[in-house]
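Notes for the one structure printed next.
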Amino acid sequence: MQRCAPLFGMFVVFLCVCGCGRDATSSLKGQTNATLTFYGKAVDQDGIPLPGASFAFRLEAYPKDWTFETRGRLNEATTVTATSDENGLFQFTVTGCTLRRQSAEREGYRHFCDEDHGSSYSANNYFYTLIAWSDLWYKSDPHHPAVFVFVKDGVREVSALPCKGGYDSVNGKNWTLNKPGWPRKPSLKDVVQKRASTQATTQLSTQPGT
């Protein structure tokens, strides 16, 4: 047994040299950008399409010559702008890895959104991870656009709710539809959710003798 031990040790060293001598990152996925058409919709507090809302987004993209050796470099950043049309809709096509809303404005209105920018809640339409380590994280959908709610000055009730829009995934395979919801940290502290109106029914009592 003692004579075999040195041979076993040499065998382990041999495996380590052969295995560790290869690029340890060769089996990892690289960082690539994704091309995406982003679909959004601006609405007022009651969900009515709102034209003329202006948006600015910060797009970040991995450098075109990205490698594992240079992965500490800053991403390339550009600004994308858009304005909602007569149907409240807007869209733009980008190629990058993340998309962050910088501003959303409409004269005579206040933007109602979630200020918890670190939340991945489906009502939070502030930050979008498009792709990470070659796995798609977000898909936009014209039938389920991101919803941006604007409350008219002086109004204190809203029935429309913001939404991230599209679908989310962490592996590019299992996709979850993002749905509207009340913000976890509302940007407008004086606004409350408007409840659906119901028509009260009055039960008339039968009067004696009738």
Side-chain angles (χ1 to χ4, degrees), residues 31 33-50 53-62 75 77 79-82 84 88-94 96-106 109-152 155-196:
Q31 294 280 33
N33 294 308
T35 297
L36 170 91
T37 298
F38 183 85
Y39 298 95
K41 183 176 185 179
V43 300
D44 70 4
Q45 65 277 350
D46 296 315
I48 299 175
L50 191 63
S54 59
F55 299 87
F57 292 83
R58 175 186 171 89
L59 172 70
E60 292 193 7
Y62 299 120
N75 291 333
T79 299
V80 182
T81 60
S84 60
L89 301 174
F90 67 93
Q91 68 181 69
F92 52 80
T93 300
V94 293
C97 56
T98 63
L99 191 65
R100 181 183 291 106
R101 188 189 73 242
Q102 291 182 309
S103 64
E105 301 173 340
R106 174 61 158 81
Y109 292 78
R110 298 179 295 163
H111 184 212
F112 180 59
C113 61
D114 195 339
E115 288 189 334
D116 184 3
H117 293 167
S119 171
S120 59
Y121 185 41
S122 65
N124 192 332
N125 52 27
Y126 169 73
F127 182 81
Y128 297 82
T129 298
L130 308 184
I131 191 170
W133 296 109
S134 297
D135 287 329
L136 294 174
W137 278 43
Y138 178 76
K139 290 194 304 184
S140 193
D141 184 351
H143 302 293
H144 300 94
V147 178
F148 300 87
V149 180
F150 294 84
V151 180
K152 191 175 181 61
V155 175
R156 298 292 181 266
E157 291 185 330
V158 298
S159 56
L161 299 177
C163 181
K164 188 176 183 180
Y167 300 80
D168 271 340
S169 173
V170 294
N171 56 16
K173 297 178 182 178
N174 303 315
W175 294 94
T176 301
L177 176 65
N178 289 311
K179 298 180 180 180
W182 186 262
R184 293 181 176 178
K185 187 179 179 182
S187 60
L188 304 179
K189 307 300 187 290
D190 60 340
V191 165
V192 297
Q193 186 171 4
K194 185 177 182 180
R195 302 298 179 181

Quick one: does Val151's side chain get under 4.5 Å of Tyr109's, heavy atoms only? no
Looking only at heavy atoms, which two atoms of Gln91 and Tyr39 are closest? And how far apart? OE1-CE2, 3.5 Å
4.5 Å side-chain heavy-atom contact, Asp44 and Phe150: no
Considering only heavy atoms from C-beta outward, does the side chain of Glu157 approach that of Gln45 to under 4.5 Å? no
Indicate the ring-plane relationship of Phe92 and Phe57, choosing parallel, tilted or perpendicular according to the 30° and 60° boundaries. tilted
Exercise answer: donor-acceptor pairs, residues 111-119 side-chain atoms, under 3.5 Å, sequence neighbours excluded:
from	atom 1	to	atom 2	distance (Å)
Asp114	OD1	Asp116	N	2.8
Asp114	OD1	Lys185	N	3.1
Asp114	OD2	Arg184	N	3.2
Ser119	OG	Tyr121	N	3.0

Between Thr176 and Asn174, does a side-chain hydrogen bond (donor to acceptor under 3.5 Å, both in side chains) hold up when you go through it step by step? CA-CA 7 Å; Thr176 301; Asn174 303 315; over 6 Å; no
State, with a plain yes or no, whether a side-chain heavy atom of Asp168 is found less than 4.5 Å away from one of Ser120. no
Measure the shortest side-chain to side-chain distance between Asn178 and His144 over non-hydrogen atoms and say whether it is less than 4.5 angstrom. no
Would you say that Ile131 contacts Leu136 through its side chain, given a criterion of any heavy-atom pair below 4.5 Å between the two side chains? yes
Taking C-beta and beyond as the side chain, do Arg100 and Tyr126 meet within less than 4.5 Å on heavy atoms? yes
Which heavy-atom pair separates Thr35 from Thr93 by the least distance, and what is that distance? CG2-CG2, 3.9 Å
Using the six-membered ring wherever Trp is involved, compare the ring planes of Phe90 and Phe38 and label them parallel, tilted or perpendicular (cut-offs 30° and 60°). tilted
